[in-house]
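Bear in mind the structure is a predicted one, so any value in this text is a computation, not a measurement.
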Amino acid sequence: MSRVASDQDVDIDLGQLARAVWARRLRILTITAFGAAVAFAGAKIVSPQYRSETRVLIEPRAPAFANTQTSDANAGPLLDELNIASQVQLLQSADLIKQVINNLKLYNLPEFDAAANGSALTDILVALHLKKNPLENPPEERVIDAFTQRLQVYQVPGSRVIGITFTSKDPKLAASIPNAMAQVYLAIQSGAKLDSNSEATRWLEPEIDSLRQKVSEAEKKVADYRTTHGLLQTNGTTTFTAQQLNDISVELTRVRTDKANAEARAQAVRNALSSGEASDTLGDIMSSQSIQRLKATESGLQSQISDLQTSLLNNHPRLKSLRAQLADIRTQIRQETQKILASIENETKVADLRAKELEQQSDKLQANSARAGEDEVGLNALEREANAQRQLLETYLVRYREAASRADRNSSPADARIVSKAIEQVDPYFPKVVPIVIVAAVATLIMSAIVVMLSELFSGRALRPVEPLEVESRTIEDSVEEEEQGGAAAIPAGTAPVPAARPAKPSMLTAAVDDDEEPEVEPVEEAPADENEFSVSSVASYLADCRAPLAVSISPTGDNGSAATVALARLLADDGRRVILIDMTGSGYPTELMAENPEAPGVTDLLCGEAAFGETIHGDRLSDAHLIPQGVSDVRRAMRGADRLSLLLDALSSAYDIVIVECGAADVASVSRLTRSKEIEIILSLPEIEEAAFVGLMQDFQDAGYERVVLMSVGEEVAMRSPARHAA
């Protein structure tokens, strides 16, 4: 029987579940051993299945005499993934499977036609019309279906290799079928190439004959057109007219050059004759033999005259005779020079006449060449047609020779090759006895343990009640005990001014009754900070010196006390302390003062499981302090998980220097349930001290076992502090 009331919150007792499993360990081990034995027997009864695999590589293959261009052209589509997938489908085609079945005579084996033998269970299901009679299908279809169920063809990832796997009860058959499929596949591929070559040969033969006739007719048209229009060729590329025009142009250039050269030579001779200068330097004069003989005679006479002048007088007849001969020789030299000049001028005239004649011939040939250019337009068209027909004929002839040379089966290998043949397997593929027994034993063990734990849960023995957090409920009217509204909460320098305080609202720890409307309060006048031993700065110094990791602040008067706690957190943050404030008040006043967004997720959302731990930590908008807001979830539902607050506080204490929990108007019992430990700092935030109320609170904390209680007051009534301090 369950030990938990039906209306009570419960939790699962994991220890009880473990104890229940351990108490029934013998029964669980017995069931596990029985399951392993059943699995072992079943694995031994099942007929073993053997699996073998053949692998085929798809790659371009061509005869040795094939050129590189053809091989490259064939290699393109083979690299395509779609082409490899197509080859996988071809290996699973019905025609290929039928051919393998017929080659190996698989239709005679009972393994591939189990429906022919039948079984009692199959006959019963057929009689009850729960299963179709397998004998209604043709025998060939039954064999193909059985073959396909044992066959697996797949592409090896990241490669152009295709695996062919077959499973059979006979290891020899499991190895022979993949090899046979690979051989049939290669034969089909090679046969497809042979058929392609044969079809190409049959188609090319009439096309070649037709092209030969067309090429002959086109070349005859070109020759007739060339003869008719006089477009005779000299060296295969140039016509006779163009060649003749080229020769005349070359000759005309040479004649003009000779003419210019002759005119320059004649002008040089004229200049020499007119100026009376010596003409010995002129090449035309010095090359004349008559001039050379006359020059020699002149030189001899000049030598004789020079010799005789030494012994004879100038008027001597001998000298006169020699001078007369010398003058005659010079006259002859001048006459010969005139003849040379006339000869050069004749050369100039002849060159001029030759140039004029060549120019006339060039003009005639240019006119003829222009007419020939117009005729060559039609000739070029005929030649292009003839060349196109000739190139097409040559291409067809090359392809015809290649196709004819591949008529043999060995000359057209398939675009695939076997890279791994299937071999006869020694160990069966299925069943694997050891893995099956291990898996069955582990599964039985787990299921048995689960059954035991479920029985414990359904019986209620593994459920334990959750003690609810006992808190006092107080109304707003009870928590606000005639508080005076004239006081003020002074905030240390460097922090923002605190807004007007509101009446005390019950803390989250007391789970107070909700009230939609808050009572109106009068604004609180600000007062200057009083630097005394109970001020916010004094409390901050005390917490910093004692290095307290956790401080719980209680504000019996409500929001004005919570405002002082906010000022305390900001002052500690300004001093360089890592501080975080947890808003456990009922009003959420610290959240309003510090958070950018009052609706941010906070402690209630964390306790209800609606927010993660990191989502609830936010920064203060006016300091470096951090804040865990009140949150927006239901307070009563959140406080059911108040036991987890101690874990939250421990985690925050390891990350921050000081953790401040603002509990608002909470009582001593609620604080005791929250902390579970007396080694904390209790802060009473009382802006204005009332001796009777303060002494009562201090007595309550002392009775609860809290030795240290720190008073934080920002009021101006110094007379009230001594009794309070004495009581503390």
Side-chain angles (χ1 to χ4, degrees), residues 17-54 101 104 106-135 137 139 142-154 163-178 422-459 462:
L17 293 178
R19 288 190 295 271
V21 173
W22 179 253
R24 296 170 177 81
R25 60 186 180 279
L26 296 179
R27 183 185 304 175
I28 294 175
L29 293 177
T30 303
I31 296 174
T32 301
F34 178 75
V38 172
F40 179 80
K44 287 296 185 181
I45 294 174
V46 176
S47 300
Q49 300 286 335
Y50 297 89
R51 173 176 290 182
S52 297
E53 182 184 46
T54 298
I101 291 173
L104 300 180
L106 300 179
Y107 45 80
N108 295 329
L109 300 177
E111 181 180 354
F112 292 91
D113 195 6
N117 300 327
S119 63
L121 179 60
T122 302
D123 295 339
I124 293 174
L125 294 177
V126 171
L128 296 176
H129 300 284
L130 298 177
K131 182 179 179 181
K132 181 181 178 181
N133 190 359
L135 297 177
N137 297 328
R142 296 200 299 269
V143 174
I144 292 176
D145 291 341
F147 189 96
T148 305
Q149 291 176 359
R150 293 168 172 80
L151 176 66
Q152 181 182 3
V153 182
Y154 64 95
I164 306 172
T165 305
F166 194 82
T167 305
S168 176
K169 297 178 181 179
D170 187 2
K172 295 182 179 179
L173 190 62
S176 60
I177 288 179
I423 60 176
E424 184 177 349
Q425 299 294 329
V426 178
D427 298 329
Y429 168 75
F430 180 83
K432 301 289 185 181
V433 179
V434 175
I436 289 177
V437 172
I438 293 176
V439 171
V442 173
T444 306
L445 178 64
I446 294 175
M447 293 301 297
S448 301
I450 291 175
V451 170
V452 171
M453 288 187 289
L454 289 177
S455 63
E456 289 293 316
L457 289 174
F458 290 143
S459 64

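For the pair R25 and W22, the cation-pi test (distance below 6.0 Å, angle within 45°) is passed.
Between the CG atom of L151 and the CD1 atom of I164 there is a distance of 8.0 Å, given to the nearest 0.5 Å.
No option in L109, I177, V143 other than V143 meets the side chain to side chain contact (heavy atoms under 4.5 Å, CB included) test with I101. Exactly one of P171, S52, S176 qualifies for a side chain to side chain contact (heavy atoms under 4.5 Å, CB included) with E424. That residue is P171.
Side-chain atoms of T444 and F34, non-hydrogen and from C-beta on, never get closer than 4.5 Å to each other. Residues L17 and V21 form no side-chain contact, since every pair of their non-hydrogen atoms from C-beta on lies 4.5 Å or further apart. Contact check for V433 versus F40: side-chain heavy atoms found under the 4.5 Å cut-off.
Below 30°, between 30° and 60°, or above 60°: for F112 and F166 the angle between ring planes is below 30°, a parallel geometry.
Residue A440 comes nearest to G35 through the heavy atom pair CB-O, 4.2 Å, listed as atom of the first residue, atom of the second, then distance. A43 approaches P431 most closely through the heavy-atom pair O-CG, 3.2 Å.
In summary, the side chains of T167 and R51 do present a donor paired with an acceptor at a separation below 3.5 Å, with no hydrogens or angles considered.
Other residues, nucleotides and ligands place more than 12 heavy atoms under 6.0 Å from the NZ atom of K432.
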